[in-house]
Amino acid sequence: MKHLLFIITLFFCFGNVSCIKSSSEIVFYKSHEPKKEQAPFSDVVDANGFLFLAGQVGMNHKTRTLVEGGIEAETKQCLENIKAVLEQHDSGLDKVVKCTVILKNIDDFAAFNAVYKSYFSKKPARTTFAASGLAVGALIEIDVIAVK
C-alpha cells in the first residue's frame, strides 16, 4: 500500500510539472525616450522573466548630452538611467543579477567602484573591462540583467 501511495504521489507531482506551460515569449520593448524610438536596438528585452537592458551611458536624456564632472558623475547618471528603465518595467536595482561595465580608462576603476557600491545593496555578478572608445565619447557604459 505504501508503494502504491508513493507511485500515485510521484505521478501527480511529475504529471503536474509537465502540464505547467513555461513561458518562452520574448518581448522586445521600444524605448520610452522619444528620440530613441528609431534606434536599431531595444532598450529592454523581456525573456522568461529576465530583463536584458541595453547599455546606458552617462547621458542626461532630457538634454541628450553627457553629464559633466568626469567618471563619478557619468557613473551616477548611468545608474540613474538604468534605475529609471528598470522602474518602467516593474523592477529595480535590487533585482539586478548581472552587470557588465565598460570603462574608457581602467584607471577610473576605483572612482567608478566607489559610486557603483552606493547603488547596490546586494552584490550582482559583474564583469568590468576597458575599451578604447565608447559611444558619444562616454567614459563609461553599463548594461544589466535583472529579474522582474
Side-chain angles (χ1 to χ4, degrees), residues 9-148:
T9 303
L10 283 177
F11 174 76
F12 280 108
C13 289
F14 290 110
N16 286 338
V17 170
S18 66
C19 293
I20 297 172
K21 184 179 178 186
S22 68
S23 173
S24 60
E25 181 182 6
I26 299 174
V27 181
F28 298 87
Y29 289 102
K30 292 182 181 179
S31 177
H32 65 280
E33 296 289 334
K35 292 189 177 182
K36 288 174 62 180
E37 285 180 351
Q38 299 303 315
F41 57 88
S42 297
D43 274 356
V44 178
V45 176
D46 182 344
N48 292 325
F50 284 92
L51 299 173
F52 296 81
L53 274 65
Q56 292 283 335
V57 296
M59 180 178 287
N60 177 323
H61 289 290
K62 291 180 182 159
T63 64
R64 302 295 301 159
T65 59
L66 286 174
V67 296
E68 295 180 8
I71 190 65
E72 293 93 348
E74 284 192 38
T75 300
K76 182 179 182 209
Q77 187 65 52
C78 273
L79 293 167
E80 289 295 327
N81 292 347
I82 289 167
K83 182 178 169 184
V85 173
L86 288 170
E87 288 173 356
Q88 287 269 330
H89 297 276
D90 300 320
S91 190
L93 293 175
D94 62 325
K95 294 185 176 181
V96 171
V97 296
K98 175 73 168 103
C99 295
T100 302
V101 180
I102 308 164
L103 299 169
K104 183 177 180 185
N105 185 340
I106 201 66
D107 294 336
D108 287 336
F109 182 82
F112 139 74
N113 208 38
V115 175
Y116 175 92
K117 287 192 286 189
S118 71
Y119 277 83
F120 291 101
S121 58
K122 298 178 181 176
K123 295 180 179 181
R126 186 178 85 189
T127 301
T128 305
F129 61 93
S132 63
L134 298 173
V136 299
L139 299 176
I140 186 169
E141 182 170 346
I142 302 173
D143 75 48
V144 303
I145 301 169
V147 293
K148 282 189 112 171

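- In plain terms, the two heavy atoms of Val96 and Val144 that are nearest each other are CG1-CB, 3.9 Å.
- With a 6.0 Å radius and a threshold of 12 heavy atoms from other residues, nucleotides or ligands, Lys83 has its NZ atom at or below the threshold.
- Distance NE2/His61 to CG/Asn81: 3.5 Å, rounded to 0.5 Å.
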Going through the checks in order, is the side-chain contact (heavy atoms from CB on, under 4.5 Å) test met by Ile71 and Leu103? CA-CA 9 Å; Ile71 190 65; Leu103 299 169; 4.1 Å; yes
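- The shortest non-hydrogen separation linking Glu141 to Gly55 is OE2-CA, 3.4 Å.
- Between Leu86 and Ile82, the closest side-chain pair of non-hydrogen atoms falls below 4.5 Å.
- The minimum heavy-atom distance between Val57 and Ala135, with the atom names listed, is CG1-O, 4.4 Å.
- When all heavy atoms are compared, the tightest approach of Cys78 to Gln56 is SG-O, 3.2 Å.
- Counting heavy-atom neighbours within 6.0 Å of Phe52 CZ, excluding the residue itself, gives a total above 12.
- Rounding to the nearest 0.5 Å places CG of Asp108 at 7.5 Å from CD of Glu72.
- Side chain of Glu74 to main chain of Leu139: a donor-acceptor pair is present (N/O by atom type, distance under 3.5 Å, no hydrogens or angles).
- Between Pro124 and Cys99, the shortest heavy-atom distance links the atoms CG-SG, 4.1 Å.
- A donor-acceptor pair is defined here as one N or O able to donate and one able to accept, closer than 3.5 Å; no such pair exists between the side chain of Asp94 and the backbone of Lys122.
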Report the C-alpha separation of Asp46 and His89 in whole Å, then their side-chain angles, then the decisive distance to 0.1 Å, and conclude whether the side-chain contact (heavy atoms from CB on, under 4.5 Å) test is met. CA-CA 9 Å; Asp46 182 344; His89 297 276; over 6 Å; no
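- With Tyr116 as the aromatic partner, Arg126 meets the cation-pi criteria of under 6.0 angstrom to the ring centre and within 45 degrees of the ring axis.
- Distance check: Leu66 CG to Gln77 CD gives 9.5 Å after rounding to the nearest 0.5 Å.
- Between atom CD1 of residue Ile140 and atom CG of residue Leu134 there is a gap of 9.0 Å, rounded to the nearest 0.5 Å.
- Evaluation of the side-chain contact (heavy atoms from CB on, under 4.5 Å) rule for Thr127 yields Lys98, Phe129 as partners, not counting sequence neighbours.
- Note that CZ of Phe112 and CD1 of Ile106 are 9.0 Å apart. Values are rounded to the nearest 0.5 Å.
- Scanning both residues, Ser42 and Tyr29, for their nearest heavy atoms gives CB-O, 3.4 Å.
- Between atom OG of residue Ser118 and atom CG of residue Asn113 there is a gap of 10.0 Å, rounded to the nearest 0.5 Å.
- Using a 4.5 Å heavy-atom cutoff, the side chains of Val101 and Thr75 are not in contact.
- When the side-chain hydrogen bond (donor to acceptor under 3.5 Å, both in side chains) test is applied to Glu80, the partners found at least two apart in sequence or on another chain are Tyr119.
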